[in-house]
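Read through the structure below, which is laid out as C-alpha cells, and then see the notes.
Just so you know, ligand 1 is whichever comes first in the structure, and atom 1 is the first atom listed for that ligand. On a predicted model such as this, the values are computed, not experimentally measured, just so you know.
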Amino acid sequence: MEKVYIETYGCQMNFADSEVVGSILREAGYTLCTDLQEADFVLVNTCAIRDNAEQRVRHRVRELRALQNRCHKLRIGILGCMAERLQSRLMEEEENVSFVCGPDTYRRLPQLLAQVRQGQRAAEVELSTTETYADIEPVRLASNGISAYISIMRGCQNYCAYCVVPYTRGRERSRDPETIVREAQTLFDKGYREVTLLGQNVNSYSWQTQDGACDFPELMRRVALIDPALRVRFATSHPKDLSDKLLEVMAAHPNICRCIHLPVQSGSDRMLKLMNRKYTVEWYLGRVDAIRRYLPDCSITTDVIAGFSTETLDDHRATLDLFRRVRYDYAYMFKYSLREGTYAWRHLADDIPDDEKTRRLNEIIALQGEIALENNRLEVGREYEVLVEGESHRSKERLFGRNSQNKVLVFDREPASGISPAVPGTYRRVKVTSCTAATLLGELVQ
Ligand code: 5AD
Ligand code: SF4
C-alpha cells in the first residue's frame, strides 16, 4: 500500500478540502501518513490569494527537492488554488512536481496518482459548476475530536476587483442540505461539539427542492436543532447579503455562536466601489447595528486590505475611523497584492509603493491591537461558558477553550479546591480574571 502525506496551506476551506482528498485516496487504497519520511506521495494543498502565500509554497516545493534527492520514490503533487491558477505552467517551472490537480477534480486523484506511478506527469484543472463532494465523508485530519469544518458550498462569483478566488474556485454552488445535516449529526454522534459551516459567501447559500427552498438561515436552523450541546459557527459572510432573517435565527438558537466574521476590506466608499464590494460604509454600519440589536453579546471580526489601487491617505484614514467605530474583536489585516487575471490586474494600477502599504498596514495593526486590548479589559470579571479544547500551548499546567464569541480563554488545569477539573470536549464555566490583547485568562468556576 502506497502512502500519502497531505500538507495544507491557506484558508479553512483548504483544510476542509484536504479532508475530502484524504477520504477519496483512502477509499482508493492509499494509506494516509503523518511522517513525510515514509511517504510515496506528498500532496501540497495550496493558496493563491496573495503573492506571499504562493511564494511560501514555491519555497516548500524546493525544500522537498532535497528530500527527493535522498529518497527517489517521493513524488509531489500540487492541489488547490495555485494548481488551478497556474495549471501545467507550475510543472514547467517546478520540475520536481509530478502533477497538479485543481479544487474541482479531486475525484480524479486516484487515476492521476496511477498515471504518475507509471512515470507520467499530468494536470487535472477543469472547474465544475456542480461538484460539491456532497456524498464524501471527509476523514478528519489533525483533528482534536471536538471541532470540525463542514463545507456547505463552493466557489464564488462576486468578482471583487482584487480577488483571484472566482478564477481558482469557479462558480458558486451549494451542497444538498440533507448531506450537511447528516455530516453534522455524524460528527456530534462521534463526540464532536463544534462545527463550522464553510463557504466563500455563506449568505448566498441556496438549495431548491420540490418541497421548497433552503436558504442559509434555514440551514443554520436545521444544524442548530441537532442538539443544544452542538455549537455551530460559520464563515464567511459577505456584508451585502447579511440578512435580518439570519440574525433572528441566531437569536433563537443559543448554540449558534455569537461571532460574525464580516470582511469590510476598506472604510472608504470610493475604495469599496473600486473593489466592487457592492455596499457602502453606511450600509455596512447599518449591518453592524443590526447585529448589535439582535445579538448584543456578539463579537464581530473582519478582513481589511491596506494600499489597494489609488488609495489616498484620506481613504486610509477612513478605514482607521471605521475600525474605531466598529471596534472589532479581531481582524485579519493584509497588504494589497496584485493578482494576475483579476479586474484590478486588467484595469487598475498597483500604484501604492510597497513601503507605504506596509506603513498603512502597520497603522491599522497598531490601532486594532489597542482596540482588542480595550475590548478584552471589559471582559475581566465576566463569566463564560467555554468549550474546553485542550492543553494550553504555553503551559502544561493550563487548559484552553473558547467562548461562544470565539475568544480564547486560558485557565489552570487544577482548579481551586471543591471544583472539579475540566475535561476536553466538555463545557465549563470560566471567570475572566485578566487579559492580553489576544487571550483572556481565567479560572474555572462551578
Ligand atoms: N490582496 C490582499 N488581500 C486580499 N484578500 C483577497 N484578495 C487579496 C489581495 N489580492 C483578502 C481579503 C479577503 C481575505 C480572505 O483575503 O481581505 O477577505
Ligand atoms: Fe474573493 Fe470577494 Fe469572493 Fe470573497 S467575496 S472570495 S473577496 S471575490
Around atom 1 (Fe) of ligand 2, find the nearest protein heavy atom and jot down its residue, atom name and distance.
Cys163 SG, 2.2 Å
Verify whether the ring centers belonging to Phe234 and Phe216 lie closer than 6.0 Å.
yes
Examine Gln265 against ligand 1 and note whether any of their N/O atoms are separated by less than 3.5 Å.
yes
So if I count the atoms of ligand 1 from 1 in the order they appear, which ones are less than 4.0 Å from some heavy atom of Lys335?
1 (N), 2 (C)
Below a 4.0 angstrom heavy-atom separation, can you tell me which part of Arg277, side chain or backbone, both or neither, approaches ligand 2?
side chain
With a 4.0 Å cut-off, would you call Arg221 and Glu218 a salt bridge?
yes
Closest protein heavy atom to atom 7 (S) of ligand 2, given as residue, atom name and distance to 0.1 Å
Tyr162 OH, 3.4 Å
Are the charged groups of Glu340 and Arg89 less than 4.0 angstrom apart, N to O?
yes
Before accepting this row, confirm whether a basic side-chain N of the pair Asp354/Lys335 lies closer than 4.0 Å to the acidic partner's carboxylate O.
yes
Is Arg193 close to Arg231 at the side-chain level, that is, under 4.5 Å between some pair of heavy atoms?
no
For His59, does the NE2 atom sit with more than 12 other heavy atoms under 6.0 Å from it, leaving out its own atoms?
no
min-distance protein heavy atom vs atom 6 (S) of ligand 2 -> Gln200 CG, 3.4 Å
What about Tyr336: any of its N or O atoms under 3.5 Å from an N or O on ligand 1?
no
What residue and atom, counting heavy atoms only, is the protein's closest point to atom 3 (Fe) of ligand 2, and at what distance?
Cys156 SG, 2.2 Å
Test of understanding: given a 4.0 Å heavy-atom threshold, classify the contact between Tyr162 and ligand 1 as side chain, backbone, both, or neither.
both
Looking only at protein heavy atoms, identify the closest one to atom 14 (C) of ligand 1 and say how far it is in Å.
Asp303 OD2, 3.4 Å
A student checking ligand 1 against Arg50 at a 4.0 Å heavy-atom cut-off should list atoms 1 (N), 2 (C), 3 (N), 4 (C), 5 (N), 11 (C), 16 (O)
Hey, is Ile49 touching ligand 1 through its side chain, its backbone, both or neither, going by heavy atoms under 4.0 Å?
both
Any carboxylate oxygen within less than 4.0 angstrom of a Lys/Arg side-chain nitrogen, looking at Glu131 and Arg154?
no
Residue portion contacting ligand 2 (non-hydrogen atoms closer than 4.0 Å) for Cys160:
both
Could you tell me whether Phe400 and His393 have their ring centroids closer than 6.0 angstrom?
yes
Tell me whether the centres of the aromatic rings in Tyr159 and Tyr167 are closer together than 6.0 Å.
yes
So if I count the atoms of ligand 1 from 1 in the order they appear, which ones are less than 4.0 Å from some heavy atom of Arg339?
10 (N)
Region of Pro166 that comes within reach of ligand 2 [heavy atoms, distance under 4.0 Å]:
side chain
Are Glu194 and Arg402 within salt-bridge range, i.e. N to O under 4.0 Å?
no
Looking at Asn158, which atoms of ligand 2 are within less than 4.0 Å of one of its heavy atoms?
5 (S)
Assess whether a salt bridge exists between Arg382 and Glu379, defined as any Lys/Arg side-chain N lying under 4.0 Å from an Asp/Glu carboxylate O.
yes
May I ask you to identify the nearest protein heavy atom to atom 9 (C) of ligand 1, giving residue, atom name and distance to one decimal place in Å?
Ser337 O, 3.6 Å
